[in-house]
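The structure presented is a predicted model; accordingly, all values stated were derived computationally and were not measured.
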Amino acid sequence: MERVAIVTGGSRGIGRAIVERLAQKGIKVIANYNKSQEKAIELKEKLEKENIIIDIFQADVSKRAEVKKMIDYVIKKYGKIDILINNAGINQEKMFQDITDEDWDNVMKVNLYSVFCTTQETIKYMLKQKEGCIINISSIYGINGGSCAVAYSATKAGIDGITKALAKEVGPSNIRVNSIAPGCMNTDMNAYLTKEEWEEIKKETPLEKIGEGIDIAKCVEWLIEDNFTTGQVISINGGFVIT
Ligand code: NAP
């Protein structure tokens, strides 16, 4: 029976590349989106032209009731969830002194609580199956910290904490949990960067290039197929951060 994967924030950016890669491999993909319905429909139609059928599902993953609805839908329709990719996230560039409680709560909800909540709603089925693969998309900022991105960096370090602790807890149930920590990627999240800033980032990157969604999608594909890697944070960053 084909494997079933949920990708949060799957209509654009890194999530979209993951959806395409997994769907092209023959995995049944449910691409979650929140606000980008048009993009989700456009992706579904694009893949249909390649004779690939994906499912799209609207849910704000920072809200448990919506996450629950999505997971219930997937279980009702497909009977299982083999793979969960917690990719949805928002950026927050602010001087530390300017971060309000509201800013803090918002980025925590969307980036960190969403991973807790979506994983919790999904893992109960993986525990019954005694099999599962969870991949959390964190960031080099969670490893190294990002200037003017304290709250964002905290969410990403928190995600890596979830990955490591949960991997220990659910390893005996044959569930693998890993993080992928991307470096600077060519997505809407960085659309605010100027041409000069892009050039500067390239210069500081040993491989002298900016990452694309496909670079992350290839790592996701590898982690899905592997069966002896868990609790790891794999940073795909062109050498920008070497620990
Ligand atoms: P992006 O192009 O801005 O896309 C963000 C995605 O997250 C969209 O699909 C968006 O869906 C989804 N999303 C945001 N809030 C959501 C919510 N409440 N519920 C459901 N979906 C939500 O960003 P990206 O660059 O692809 O980033 C993807 C992940 O990689 C994020 O976790 C980000 O932190 C991480 N990352 C990115 C970079 C980078 O340089 N771009 C570097 C390191 C880590 P809708 O549009 O439908 O709302």
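- With N190 contributing its side chain and T187 its backbone, the two residues share no donor-acceptor pair below 3.5 Å.
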In sequence, state the C-alpha distance, the side-chain angles, and the governing distance for N106 and I90, and then conclude on side-chain contact (heavy atoms from CB on, under 4.5 Å). CA-CA 9 Å; N106 187 37; I90 50 168; 3.7 Å; yes
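- The hydrophobic clustering, which links ILVMFWY residues whose side-chain heavy atoms are closer than 4.5 Å, places Y192 and I140 together.
- With values rounded to the nearest 0.5 angstrom, I135 atom CD1 is found 5.0 Å from I224 atom CD1.
- Linking ILVMFWY residues whenever their side-chain heavy atoms come closer than 4.5 Å, directly or via other members, leaves I210 and M185 in distinct clusters.
- Linking Ile, Leu, Val, Met, Phe, Trp and Tyr residues whenever their side-chain heavy atoms come within less than 4.5 Å places V4 and I134 in a single cluster.
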Under the side-chain contact (heavy atoms from CB on, under 4.5 Å) criterion, do F116 and R64 qualify, and how do the steps go? CA-CA 10 Å; F116 159 66; R64 188 174 290 265; 3.4 Å; yes
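- Ring geometry for Y73 versus F57: interplanar angle of 30 to 60°, hence tilted.
- To the nearest 0.5 Å, atoms CD (E199) and OG1 (T194) are separated by 9.5 Å.
- With hydrophobic clusters built from ILVMFWY side chains whose heavy atoms lie under 4.5 angstrom apart, I14 shares a cluster with L47.
- Across all non-hydrogen atoms, the minimal contact from P172 to E169 is CD-O, 3.7 Å.
- A salt bridge does not link K202 to E197: none of the charged side-chain nitrogens sits closer than 4.0 Å to a carboxylate oxygen.
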Verdict with supporting geometry, E131 and K80, salt bridge (charged side-chain N to carboxylate O under 4.0 Å, His left out): CA-CA 10 Å; E131 193 166 22; K80 61 175 186 159; over 6 Å; no
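- Residues N136 and S138 bring no donor and acceptor atom of their side chains to less than 3.5 Å of each other.
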Go through the steps for D55 and K28 under the test salt bridge (charged side-chain N to carboxylate O under 4.0 Å, His left out), then give the verdict. CA-CA 8 Å; D55 226 327; K28 173 56 68 186; over 6 Å; no
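- Of all the heavy atoms in L112 and I159, the pair that sits closest is CD1-N, 3.6 Å.
- Two different hydrophobic clusters hold L127 and I83 under the rule that ILVMFWY side chains link at heavy-atom gaps under 4.5 Å.
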Could you walk me through whether N178 and Q232 satisfy the side-chain hydrogen bond (donor to acceptor under 3.5 Å, both in side chains) test, starting with their C-alpha distance in whole Å, then the side-chain angles of each, then the deciding distance to 0.1 Å, before giving a yes or no? CA-CA 5 Å; N178 291 288; Q232 303 305 308; 5.5 Å; no
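- Not a single donor-acceptor pair under 3.5 Å links the side chain of N32 to the backbone N or O of V7.
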As a quick check of understanding, evaluate side-chain hydrogen bond (donor to acceptor under 3.5 Å, both in side chains) for T119 and N86, giving each step before the final call. CA-CA 8 Å; T119 302; N86 285 310; 3.0 Å; yes
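- Counting only N and O atoms by type, the side chains of Q58 and Q37 include no donor and acceptor under 3.5 Å apart.
- Salt-bridge check for D60 with K63: passed, with a basic side-chain N closer than 4.0 Å to an acidic carboxylate O.
- For W198 against L193, the heavy-atom pair with the smallest separation is NE1-O, 3.7 Å.
- Closest approach of I175 to T230, counting heavy atoms only: O-OG1, 4.2 Å.
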Please evaluate residues K44 and I53 with respect to the criterion side-chain contact (heavy atoms from CB on, under 4.5 Å), reporting the C-alpha separation (whole Å), side-chain torsions for both, the decisive distance (0.1 Å), and the verdict. CA-CA 7 Å; K44 186 175 163 58; I53 308 297; 4.3 Å; yes
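- Scanning both residues, M126 and L84, for their nearest heavy atoms gives CE-N, 3.9 Å.
- Considering all non-hydrogen atoms of both residues, K164 and V233 come closest at CE-CG2, 3.9 Å.
- No donor-acceptor pair closer than 3.5 Å links the side chain of D188 to the backbone N or O of A191.
- One distance of note links SG of C184 with NZ of K209; it measures 14.0 Å at 0.5 Å rounding.
- No donor-acceptor pair closer than 3.5 Å links the side chain of S36 to the backbone N or O of K39.
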From CA spacing to verdict: salt bridge (charged side-chain N to carboxylate O under 4.0 Å, His left out), K49, E45: CA-CA 7 Å; K49 288 189 188 127; E45 288 174 352; over 6 Å; no
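- Taking CG from D98 and CD from E93, the interatomic distance works out to 12.5 Å, rounded to the nearest 0.5 Å.
- Atom OG of S11 is separated from atom CG of L43 by 7.5 Å, given to the nearest 0.5 angstrom.
- Here the CD-CD1 distance, from Q24 to I54, works out to 10.5 Å after rounding to the nearest 0.5 Å.
- Side chains of D160 and T163: a donor-acceptor N/O pair is absent below 3.5 angstrom, by distance only.
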Under the salt bridge (charged side-chain N to carboxylate O under 4.0 Å, His left out) rule, what do E38 and R12 come out as? Steps first, then yes or no, please. CA-CA 10 Å; E38 266 179 35; R12 59 193 182 89; over 6 Å; no
